[in-house]
Each structure stands twice: as C-alpha cells, then as structure tokens.
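Note that the coordinates shown come from a computational prediction; the quantities given were computed from them, not determined experimentally.
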Amino acid sequence: MTCLSPDIEARLEPATRLPSLPAVVSELLVLASNHDAPLTDFATLLSRDPALCLQLLRLANSPYYRRGSDPVICCEHAVTRLGIDGTLTALLGFTLVRDATRGPLADYWRRTLAAAHLIPAIAKVVNPRQPGELSTRALLREVGVLLLYSLNPNYFELIAKATTREQRLALEHQHLGFNRDQASTWLAQRWQLPPTLFVSHPIEQGGQQHGEWLDSICLELADELAGYCLDQDSDAIPAALYRFQRRINLEDDAQARLVDELAKRVETLPNLLASMLSPDNDIERLLVAGKQRLHGLTMSLAERLHHREDQLISLKRDNEALDERASTDALTGLANRAALEQRLEEMLEDAHARDKPLSVLFLDLDHFKPLNDRYGHRLGDIVLVNVAATLRDAIRDSDLAARYGGEEFVIALGNTPEPGALRVAQRLQQWLAEQPMAQVDQRPLYVSASIGIAQWQPGMDRIDAASLVEKADLQMYQAKQAGRARIS
C-alpha cells in the first residue's frame, strides 16, 4: 500500500490520461478499421505502448469483465477477456502529445521498448511459465515516469542532473512530493490492478516467493541489457550475463541458449525502435481519425444497448416480479432507483452507527430535453451511457452511483464530509467540460450538469434515504435557478 496525501491524489487524478506513441496509435487505427483483424494483432501492438496497455488491463480487471475470475497482467489474456469491442473501447481513448519522439520522453520510450523486447528471450530460457506477463511487466516497470510527466511537463528537467535511479527517486520526491514508484502503486490501487504488476526491485529470495524473486531478477536483467544496447556498450553485456548466471545458478547449457536467444532479439531491436519512434506521424490527423472511429464504435454499442433494452422490456412484460427485483438500470448499468433507496438506507444506518458523515449528490443534466428533441433519443441515450461511465470513474468502490430517472443521477459518498463531496462534484463538472459525451456530425458534443449536495453529519437528527435525496434534489434546483452548470 502507498499513502499519498489527499492533495497529491487530487493532483494525480487528472494526470492519469497517459500519452501514447503516435506510431502505435497509427497502427491501432489501421487495425480498428479491419473487421477481420485477429485479437493477437492487438495484443502484439499493445505490448509496445505502456499507456494503452494500462487502459486495457484496467478495463479487463474491472468488476464487470472480471466477474470473479483471476486478475490478468498480460496483454494477450486481457484482449481475450474483453473481445474486440471491449478492446477498442479501452484503446480509442488514447492521448497524444507533441514532440513525443524527441527529447527525454523519447529516451523513456526507447528504454522501455528495449527492455520489453528483450525480456521474452530471458523468459524463454529461465522462466517459460509466464513470458507474456513478464513482457507486460517490463513494459510497465517505469510507467510512473509517464504519470509524473503528465502531471508536470517539466518533469524531465527536474531530474536532469540525476545519474542513478536512486537520485531520480530522491529528486522526484523533492520536487513533487512523491516518486515514480509511489505513483505506480497509487495507480494500481486506483484502477484495481494486480499489485504484482509494478514490482520494480528484486524481493528476497526463498520460500513460496521464489517465482516472484526470479521474475524480478529477469526484469532487472532486461532493463540492464536495454541500457547497454542503447548505449552501444556491447562489451558490458557478457559481464552482466555472467553475474545473472551466478545469481540464479543457471546451468551452462541454459546460459548458452540464453545468449543465443538474446542475440536474435538484439539484432531486431534497432528496426523496432526506428519504426516505433518515427517522427513522421501527423498528430492532428490521428486525433481526428481516432474520434471518427470512436464515434462509429459508440454508435455500434448504442445499437446493442437499444437491442438489450428492448429485450429487457419484453422480459418485463413476461415476468413483472423479476423486473421489480432487478437492481440495475438497463441503459446505463448503474444502480436503479429502487436499488439506490435500499443501498442508501444501509449506508445511512452505517453512518448513524459509526458517527461518520455521508454525502449525497443529485445531478441533473442541463438542457437535456432540447438535446433529445434536436438530435433524437438515440443520441440522448449515448450521452446518458457516457455520463454514467464518468460517474463510475469519479467514485470509490464503496460509494454508489445510480440513475434516478431520465437525465437525473444520484451519487452517495460514504464517510465523506462536505469538502470531499464538493471536490467530487467539481471533478465531475471539470470532466464534463473537458470530455465530449457524444459526437454529432464528427464534432464533439459536451453537456453540463447542475449538482445539489446534501449530507448527514454526526450530531444531526437521524434521517431516512428519501429525505436526504429530497434535500439534495432541492439544492440541485437552486443550482438550476442560479444559472445551471453550478453546484449548490
């Protein structure tokens, strides 16, 4: 576990849109346009981009897709779990930055790609049980650097004087209040990723941890060899391999196979780096193409959502009792109103018993009826689905997001006083202002929301769920009357 202050976590949250390699995005858009492209092609491409790989693992390990199964830390397994639509959903929200293939950011990608390219050769000889997982971990080993860069574009200047990893960690903590390893651990916790994904340094050898220890030693060797290859210091490679052999007691014949496998990988490394770090990609063109492809995917998903909703309506007619027990809104996947009332009563009972504050946010999308009248209910449904996804991203697992009715949503925040509830509301308004909820004629469509906040605090009289929601609803109306897109 990592303990970062609420202020640092609030700074990190908007920085989680990590930049991707333009060359990878370009190839991704080509694959996305090929309806017959095999999933293995997506997995291969994703093994070259830390940001997109993380987005894929985040979705594959979400409760909806995981459904009680084991976590995945391998791109190939994640793609298999998500299927083509889920994979594209995770990947088409890419982020690009200018001058990505020049300067220190290019150096980061060069080192990362080299280590991820070399690790399969090591895994094939030393640890063939999970080569895919090792490749993913090599790709993400220093992903905290991307998070720090997204937080502060001057990041590389802050650590420019450091010559060792320990010095870089110290400078990161001095200038930013935390380092890359802490950022990676926070990201794993925030996105519910397996904790072993970002193990950066070898753990102690022995006992049941021997497999994890061996994995970490292999990752360390891949990173060391990547540095020598990029520095064109071929004389240092034999000594590194000898130290590795002694460290894990590798047999001589296995060591010979390792040298052969690495030689093949080292030979192909320059061409890989040249193709991945090409400066010729037009970022504006890629962004437009990505938005167009995402629009098409969104419409396709909306079609299926409508079909699913029709099936649920038919099911209601056949079995009203089953529908009354359903707890999920068919369109958005959030809790429905009945489930909200039941769960909120439970949260209030817990708050009363433990003397902990509980806050409720009531959101109403502004000008939603004119939007429906102008563009049709299908586009309105797409907006509702994407708003619901935004709400899910804004809350913790212990909180609750529900569709109250129409374009109204309710969020219940356990153990959250007024400042925390206000931060959540402000974050939602910021995200809605920055992220389009649909596409109209290949142009982004943004929506805003009026938000009312009500809360129960220790020392107040007891209150029931309906009354607390009603108070938040009244505050929302005050926000509407004050000019909309406001918090009351």
Peer 1: Say you draw a straight line from CG of L432 to CE of M437; how long is it, rounded to the nearest 0.5 Å?
Peer 2: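 One finds 5.5 Å between CG of L432 and CE of M437.
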Peer 1: Calculate, to the nearest 0.5 Å, the distance between atoms CD1 and CD1 belonging to I411 and I395 respectively.
Peer 2: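 So the gap between those two atoms works out to 5.5 Å.
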Peer 1: Provide the closest heavy-atom pair for L344 versus A412 in the form atom of the first, atom of the second, distance.
Peer 2: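 In this case the closest contact between L344 and A412 is CD1-CB, 3.8 Å.
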Peer 1: Side chains of I119 and R137, heavy atoms from C-beta outward: is any pair under 4.5 Å?
Peer 2: no
Peer 1: For A449, does its backbone N or O pair with a side-chain atom of Q429 as donor and acceptor, under 3.5 Å?
Peer 2: yes
Peer 1: Using distance alone, with no hydrogens and no angle criterion, decide if R392 and S62 have a side-chain donor and acceptor under 3.5 Å apart.
Peer 2: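 Distance-only check fails for R392 and S62.
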Peer 1: May I ask you to decide if L250's main-chain N or O and Q245's side chain share a donor-acceptor pair within less than 3.5 Å?
Peer 2: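 Side chain of Q245 to backbone of L250: a pair is present.
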Peer 1: For E172 and Y155, which I'm curious about, is there any donor-acceptor pair between the side chains at under 3.5 Å?
Peer 2: yes
Peer 1: Salt bridge check, D181 against R165: does any charged N sit closer than 4.0 Å to a carboxylate O?
Peer 2: yes
Peer 1: Take L273 and H117, measure what side-chain contact (heavy atoms from CB on, under 4.5 Å) needs, and give me the verdict at the end.
Peer 2: CA-CA 10 Å; L273 296 179; H117 184 68; over 6 Å; no
Peer 1: What's the spacing between L52 CG and L18 CG if we round to 0.5 Å?
Peer 2: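 One finds 9.5 Å between CG of L52 and CG of L18.
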Peer 1: R81 vs S69, test: side-chain contact (heavy atoms from CB on, under 4.5 Å). Steps then yes/no.
Peer 2: CA-CA 10 Å; R81 176 177 290 182; S69 57; 3.0 Å; yes
Peer 1: Has the side chain of E261 got a donor or acceptor atom that lies under 3.5 Å from a matching backbone atom of L258?
Peer 2: no
Peer 1: Would a distance-only check, ignoring hydrogens and angles, find a side-chain to backbone donor-acceptor pair under 3.5 Å from D399 to G414?
Peer 2: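 Judged by distance alone, yes, a pair lies under 3.5 Å.
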Peer 1: Decide yes or no for F409 and L361: does some side-chain heavy atom of the first lie under 4.5 Å from some side-chain heavy atom of the second?
Peer 2: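 No; the side chains remain at least 4.5 Å from each other.
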Peer 1: Walk me through it: do E9 and R423 pass the test salt bridge (Lys or Arg N to Asp or Glu O under 4.0 Å)?
Peer 2: CA-CA 12 Å; E9 291 191 357; R423 283 196 298 269; over 6 Å; no
Peer 1: Taking all heavy atoms of A254 and all of V125, pick out the closest pair and write down the distance.
Peer 2: O-CG1, 3.3 Å
Peer 1: Run the side-chain contact (heavy atoms from CB on, under 4.5 Å) check on L21 and L277 step by step: do they pass?
Peer 2: CA-CA 8 Å; L21 274 167; L277 298 172; 3.7 Å; yes
Peer 1: If you define the side chain from C-beta out and look only at heavy atoms, does anything of I248 sit under 4.5 Å from W213?
Peer 2: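 Yes, close enough: below the 4.5 Å cut-off.
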Peer 1: Taking all non-hydrogen atoms of both residues, which atom of W186 and which atom of E13 are closest, and how far apart?
Peer 2: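 That closest heavy-atom pairing would be CZ2-OE1, 3.7 Å.
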Peer 1: Is the shortest side-chain heavy-atom distance between R180 and L169 below 4.5 Å?
Peer 2: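 Yes, at least one pair of side-chain atoms sits under 4.5 Å.
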Peer 1: Would one find more than 12 heavy atoms of other residues, nucleotides or ligands at under 6.0 Å from atom CD of E76?
Peer 2: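 No, CD of E76 has 12 or fewer neighbouring heavy atoms, counting only those of other groups under 6.0 Å.
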Peer 1: Before accepting this row, confirm whether a basic side-chain N of the pair E267/K264 lies closer than 4.0 Å to the acidic partner's carboxylate O.
Peer 2: no
Peer 1: Under 3.5 Å, is there a donor-acceptor pair between the S275 and R48 side chains?
Peer 2: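 Side chains of S275 and R48: no pair found under 3.5 Å.
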Peer 1: Donor-acceptor pair, N61 side chain versus P71 backbone, under 3.5 Å?
Peer 2: no
Peer 1: What do the steps show when you test L400 against V410 for side-chain contact (heavy atoms from CB on, under 4.5 Å), and what is the final call?
Peer 2: CA-CA 8 Å; L400 176 68; V410 171; over 6 Å; no
Peer 1: To the nearest 0.5 Å, what is the distance between CG (L54) and CG (L197)?
Peer 2: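 Those atoms lie 6.5 Å apart.
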Peer 1: Not counting sequence neighbours, which residues clear salt bridge (Lys or Arg N to Asp or Glu O under 4.0 Å) with D223? List them please.
Peer 2: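 If we apply the salt bridge (Lys or Arg N to Asp or Glu O under 4.0 Å) test to D223, skipping adjacent residues, the hits are R111, R141.
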Peer 1: If I compare all heavy atoms of P19 with all of S150, which pair ends up nearest, and what's the gap?
Peer 2: CD-OG, 3.3 Å
Peer 1: Within the 4.5 Å heavy-atom criterion, are L57 and L140 side-chain neighbours or not?
Peer 2: yes
Peer 1: Please find the pair of heavy atoms, one from P120 and one from R265, that lie closest to each other, and give the distance.
Peer 2: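 So the minimum-distance heavy-atom pair works out to CB-NH2, 3.8 Å.
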Peer 1: Aromatic rings F362 and Y404: how do their planes relate, parallel, tilted or perpendicular, breaks at 30° and 60°?
Peer 2: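 It falls in the perpendicular class, over 60°.
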Peer 1: Do T416 and P357 have side chains that approach each other closer than 4.5 Å (heavy atoms only, starting at C-beta)?
Peer 2: no
Peer 1: So that I can tick it off, tell me whether R58 and D393 are bridged by a salt bridge, with the cut-off set at under 4.0 angstrom between side-chain N and carboxylate O.
Peer 2: yes
Peer 1: Closest approach of Y65 and A60, non-hydrogen atoms and distance?
Peer 2: CB-O, 3.8 Å
Peer 1: For residues L147 and F178, determine if any side-chain heavy atom of one lies less than 4.5 Å from a side-chain heavy atom of the other.
Peer 2: no
Peer 1: Spell out, as yes or no, whether a donor-acceptor pair under 3.5 Å connects the side chain of T87 to the backbone of L82.
Peer 2: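 Such a contact is absent between T87 side chain and L82 backbone.
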Peer 1: Nearest 0.5 Å, what's the CZ-CG distance between R403 and L334?
Peer 2: 9.0 Å
Peer 1: Picking from N386, T332, L331, what satisfies side chain to side chain contact (heavy atoms under 4.5 Å, CB included) with D381?
Peer 2: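 Answer to the side chain to side chain contact (heavy atoms under 4.5 Å, CB included) test with D381 among N386, T332, L331: L331.
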Peer 1: With side chains defined as the heavy atoms from C-beta onward, is the minimum distance between E434 and P14 less than 4.5 Å?
Peer 2: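 When only atoms from C-beta onward are counted, P14 and E434 do not touch, as no gap falls below 4.5 Å.
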Peer 1: Is E142 paired with R168 through a side-chain N to carboxylate O contact shorter than 4.0 Å?
Peer 2: no
Peer 1: Nearest 0.5 angstrom please: R257 CZ to D252 CG, how far?
Peer 2: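 It is 11.5 Å, given to the nearest 0.5 Å.
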